[in-house]
Amino acid sequence: MTDFATRVEGISISGIREVFEAAGEDAINLGLGQPDFPTPEHARSAAVEAIQSGKADAYTSNKGTESLREAISHAYDRDHGIDVDPGNVIATSGGSEALHLAIEAHVDPGQEVIFPDPGFVSYDALTRLADGVPTPVPLREDLTLDPATVEDAITEDTAAFVVNSPANPTGAVQSEADIREFARIADEHDVLCISDEVYEHIVFEGEHHSPIEYAESDNVVVVGACSKTYSMTGWRLGWVTGSNRRVERMLRVHQYMQACASAPAQYAAEAALTGPREPVEEMVSAFEERRDVVLDGLEDAGLEVPTPSGAFYVMPKVPEGWVDELIDSGVVAVPGDAFGANGAGYARLSYATGMDELKEALEIIDDVTARVR
Ligand SMILES: Cc1ncc(COP(=O)(O)O)c(C=O)c1O
């Protein structure tokens, strides 16, 4: 009899979906992990043009079109002064596929992958799909990841550790000093650092830094995407970059899994990356304004909440039963333990929602917090 593979029986559908299903139709949804802005017009038009001219009809090269990979390389130089060879970029079906490639190409069965807890749900699941051993590590009080915690968790069986700055679900941005430490750890312990930078442009205080800027070895691969920066979650376009030998291994997985990223999305991404920056700047300042309003509202409600410096999430400490009561009162939030055991006692709120709705939600939060003590 054909049974199911153990690796698939070991994972389940994310707890986030269960929350959405529990919510009423008119609920204010602070659970979403995607910007509430339109994809920039120039990106949409580039896809339409590519479709209508027939340019998008065929497979592209496995790594993606030359012009998209050049645009990605140029963006790293323009935005962060990082030198990326377009030949060492694979365009993927979102950051999700890029994470999958990085883990699949570097993790042998039984090897450990260290990642933040609470952290983005895919790190645990993708490790299990590669028959690896998920090794979640706790965060500091301010919800950043302490490099010393990562270093202490490294064993002979560690294949990789994941750094995610700015982070989902915390909104935390790692300091430059931490990022330098992650690079040193990757070098000295000879383990791979998978740097998930899909929120790289959504930073309010300080600057985004990547371990790839500082590593002396090739032990860093970087995952990026158009999804959050250009509000293109539906287009499914991301990328992974690293040294040539690593990219060539990841390409083997990508070639058989995906062949190439969607061609229309590649043309849209190229236009997004090379086009005017105003849509990104406007979105980031809207997020910052909302962050401030949400922080004030949560603090006024009496909740303890670390200040997030990026992405569009905030993670207050909440009393037992708070999330259920909030959902019953018409506001969706995600319980912190959906992102790992150490997320218990927290909730993730996304402020990728218009200001009026946010203010309404904050009033409800105030009531709920007063009730659930
Ligand atoms: C930290 C993090 N990495 C990767 C992804 C995947 O992004 P994409 O939609 O590009 O697959 C997400 C999406 O929520 C995320 O939050």
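We count ligands from 1, going down the list as the structure has it; atoms in each ligand are counted the same way.
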Notebook entry, point to check: Which is it for Ala225 and ligand 1 at heavy atoms under 4.0 Å: side chain, backbone, both or neither?
Noted result: side chain
Next item on the list: Would you name the heavy atoms of Leu237 and Ala265 that are closest together and state the gap between them?
Entry: CG-O, 3.8 Å
Item checked: Closest approach of Ala271 to Ala46 (non-hydrogen atoms, all atoms of both residues) -> CB-CB, 3.5 Å
Next item on the list: Nearest heavy atom to atom 7 (O) of ligand 1 wins, so pick from Gly95, Gly119, Gly238, Pro116.
Entry: Gly95
Next item on the list: Using a strict 4.0 Å cut-off to heavy atoms of Val198, name the atoms of ligand 1 that fall inside it.
Entry: 2 (C), 3 (N), 4 (C), 15 (C)
Item checked: Min N/O separation Tyr123 to ligand 1 under 3.5 Å -> no
Margin query: Quiz question: by atom type and distance under 3.5 Å, do the side chains of Glu197 and His208 form a donor-acceptor pair?
Written below: yes
Next item on the list: Check whether any heavy atom of Thr233 sits under 4.0 Å from an atom of ligand 1.
Entry: no
Item checked: Aromatic plane relationship, Phe37 with Phe287 - under 30° parallel, 30 to 60° tilted, over 60° perpendicular -> perpendicular
Check: atom 9 (O) of ligand 1: which protein heavy atom is closest, and how many Å away?
Finding: Arg236 NH1, 3.0 Å
Next item on the list: Could you find the nearest protein heavy atom to atom 6 (C) of ligand 1 and give me its residue, atom name and distance?
Entry: Ser96 OG, 3.4 Å
Margin query: Which residue in the set Phe120, Tyr351, Tyr199 passes ring-ring contact (aromatic ring centres under 6.0 Å, His included) when paired with Tyr313?
Written below: Tyr199
Notebook entry, point to check: Which atoms of ligand 1 are found less than 4.0 Å from any heavy atom of Asn164?
Noted result: 1 (C)
Item checked: Heavy-atom nearest neighbour in the protein, as seen from atom 1 (C) of ligand 1, with distance rounded to 0.1 Å -> Asp196 OD2, 3.3 Å
Item checked: Residue pair Ser96 / Leu126: nearest heavy atoms and the distance that separates them -> O-CD1, 4.2 Å
Margin query: Can you tell me which portion of Lys228 lies within the under-4.0 Å heavy-atom range of ligand 1? Options are side chain, backbone, both, or neither.
Written below: side chain
Margin query: Give me the nearest non-hydrogen protein atom to atom 10 (O) of ligand 1 as residue plus atom name, then the distance to 0.1 Å.
Written below: Ser227 OG, 2.5 Å
Notebook entry, point to check: Would you say Ser93 has any N or O atom under 3.5 Å from an N or O of ligand 1, going by distance alone?
Noted result: no
Next item on the list: May I ask you to decide if the ring planes of Tyr76 and Trp239 are parallel, tilted or perpendicular, using 30° and 60° as cut-offs?
Entry: perpendicular
Next item on the list: If you have a sec, work out which protein heavy atom is nearest atom 12 (C) of ligand 1 and how many Å separate them, to one decimal?
Entry: Phe120 CZ, 3.3 Å
